[in-house]
2 protein chains.
Amino acid sequence: MKQKQEVSPRSIVESFKRVARKWQKLEKQPRKFGTAIELHSSEIHLIEEIGENEGLSVTDISGLLEVTKGAVSQTLKKLEAKKLTTKKEDPTNTSRALVELTARGWEAFNAHERWHEAMDGGFRSYFLGLDSDKIMFLKEFLKIFETFLDSKDRLKE
Amino acid sequence: MKQKQEVSPRSIVESFKRVARKWQKLEKQPRKFGTAIELHSSEIHLIEEIGENEGLSVTDISGLLEVTKGAVSQTLKKLEAKKLTTKKEDPTNTSRALVELTARGWEAFNAHERWHEAMDGGFRSYFLGLDSDKIMFLKEFLKIFETFLDSKDRLKE
DNA sequence: ATTTAAGTGTTAAGCTGCTATACACATATA
DNA sequence: TATATGTGTATAGCAGCTTAACACTTAAAT
């Protein structure tokens, strides 16, 4: 039996790669949240960010999501057409716009939260069976992986 | 000190989500492999799959990558234009094409392997410091997560 | 104070990578 | 032999991004 468990960094990375792709694919599905309006991934992604951080400008969002201002502006335009977000002028800076969710936007935000809970819930039972040190390890691992990716990202510039 | 370490499933999922997005973003960067030719993510992804599994048809690849045959056909067309892959007729089925890497294709494949090793290598030192049970746990976790995502994916159909 | 530089958001063109659809052809099945 | 299924291709269209040019505002430099 060649059961000596050869778990290479490579095999973990491969496994992660597959999972990340599947996750991405799942997340990319357009879905209806609350209102009967269908939201695409970039739209719900924006709503998520706006709902979690009040008083963001277009540039702020651009920085948080790590995409260009143009991309944010375009998606915001669609969200405004769907009456899910609005912009108000920053009182301290005329050229700056503060983005906020409308009532319908909050509806969608909350519906997405609930969807997320259902997703997370699938893990809950598994999680409850885990030692806390394993959970801590997982958290640490993800953090290290993220730092690693950030460093790779900076490298290419 | 509120150090009681409240690690919720949600926070792990959030963390994973961020990491997955960053990974995806990094992977999406077009890069040069071996030859001076720039390869886009879908192209290198295909080369990876073809290099690892000999004798694949278009439909096979489509199944492995979980995209439509049309998508595979389109990307293969680009790869053929770049002289990285060729198709030969399946002797047992005229309507079937077997895809293979050219010499240049193998060059790109190997260069990508080396790139991958460099990526994985960033982990190696971290990995060597880990207990084997932690590594096993990580592998198990990824597997469970993948199964979970697969089930969610089937659900929406 | 005026010029210059930097920051803010928008728009248009162009790209990747995918799907859906229609198609031509080959093979398997009734 | 007719019909259904499988195999690959081509086209149109869409999401989501980038780049670049733009108009405008605010901050900094002289």
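Remember, predicted model here, so these are calculated numbers, not experimental data. Below, read A as the first sequence line, B as the second, and so on, with proteins coming before strands; counting in each chain starts at 1.
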*Mind checking A:Lys28 for me? I need base, sugar-phosphate or nothing, with any heavy atom below 4.0 Å counting as a touch.*
nothing
_Within the structure provided, determine whether A:Val58 and A:Lys87 are in side-chain contact (heavy-atom separation under 4.5 Å)._
yes
*Identify, with sequence neighbours excluded, every residue that meets ring pair (Phe, Tyr, Trp, His ring centres under 6.0 Å) alongside A:His116.*
A:His112
*Taking only the side-chain heavy atoms of A:Lys78 (C-beta and beyond), determine which of C:dT8, C:dC18, D:dG16 contains the nearest atom.*
D:dG16
*In terms of side-chain geometry, is the basic nitrogen of A:Glu146 or B:Arg18 positioned less than 4.0 Å from the acidic oxygen of its partner?*
yes
Counting only pairs under 3.5 Å, give me each side-chain donor-acceptor contact of residues 46-54 of chain A, with atom names and distances, residues two or more places apart or in other chains.
{"from": "A:Glu48", "atom 1": "OE2", "to": "B:Lys17", "atom 2": "NZ", "distance (Å)": "2.6"}
{"from": "A:Asn53", "atom 1": "ND2", "to": "A:Glu49", "atom 2": "O", "distance (Å)": "2.9"}

*Over how many whole Å does the gap from B:Gln29 atom CD to C:dC15 atom P extend?*
18 Å
*asked:* Within the 3.5 Å criterion, strictly below it, is a donor on B:Ser57 or B:Asp60 matched to an acceptor on the partner's side chain?
replied: yes
_Expressed as a whole number of angstroms, how long is the span from B:Glu27:CD to C:dT16:P?_
18 Å
*At how many degrees, to 10°, do the end axes of the helix from C:dA1-D:dT30 to C:dA30-D:dT1 meet when each uses five pairs?*
10°
_Where B:Ala20 and A:Ala20 come nearest, the two heavy atoms and their spacing_ = CB-CB, 4.1 Å
*asked:* Within the structure provided, determine whether A:Lys82 and A:Glu43 are in side-chain contact (heavy-atom separation under 4.5 Å).
replied: yes
*List in numerical order all residues of residues 44-61 of chain A for which some heavy atom is under 4.0 Å away from an atom belonging to DNA chain C.*
A:Ser57, A:Val58, A:Thr59
*Student check: side-chain heavy atoms of B:His45 and B:His40 closer than 4.5 Å*: no
_Atom-to-atom span, NZ of A:Lys77 to C1' of C:dG9 - whole angstrom_ = 12 Å
*Is A:Asp90 reaching over with its side chain to a backbone N or O of A:Thr92, donor-acceptor style, under 3.5 angstrom?*
yes
*asked:* Return a single string for nucleotides 18-28 of chain D, one symbol per nucleotide in 5' to 3' order, where B is base contact, S is sugar-phosphate-only contact and - is none, cutoff 4.0 angstrom on heavy atoms.
replied: BB-----SS--
_What's the closest nucleotide to the side chain of A:Ser73 if the choices are C:dG17, D:dG8, C:dT10?_
C:dT10
*State, with a plain yes or no, whether a side-chain heavy atom of B:Asp150 is found less than 4.5 Å away from one of A:Lys22.*
yes
_Just the rounded figure in Å: distance from C1' of C:dT10 to CG of A:Leu79._
16 Å
*asked:* Between P on C:dT27 and CZ on B:Arg96, what's the gap in Å once rounded to a whole number?
replied: 11 Å
*Considering residues at least two apart in sequence or located in another chain, which fulfil the ring pair (Phe, Tyr, Trp, His ring centres under 6.0 Å) criterion with B:Phe16?*
A:Phe16, A:Trp23, B:Phe145
*Which whole-number value in Å describes the distance from A:Gln24 CD to D:dC17 P?*
10 Å
*Whole-Å distance between C:dC25 P and B:Asp90 CG?*
20 Å
_Between C1' of C:dG9 and CD of A:Glu89, the distance in whole Å_ = 12 Å
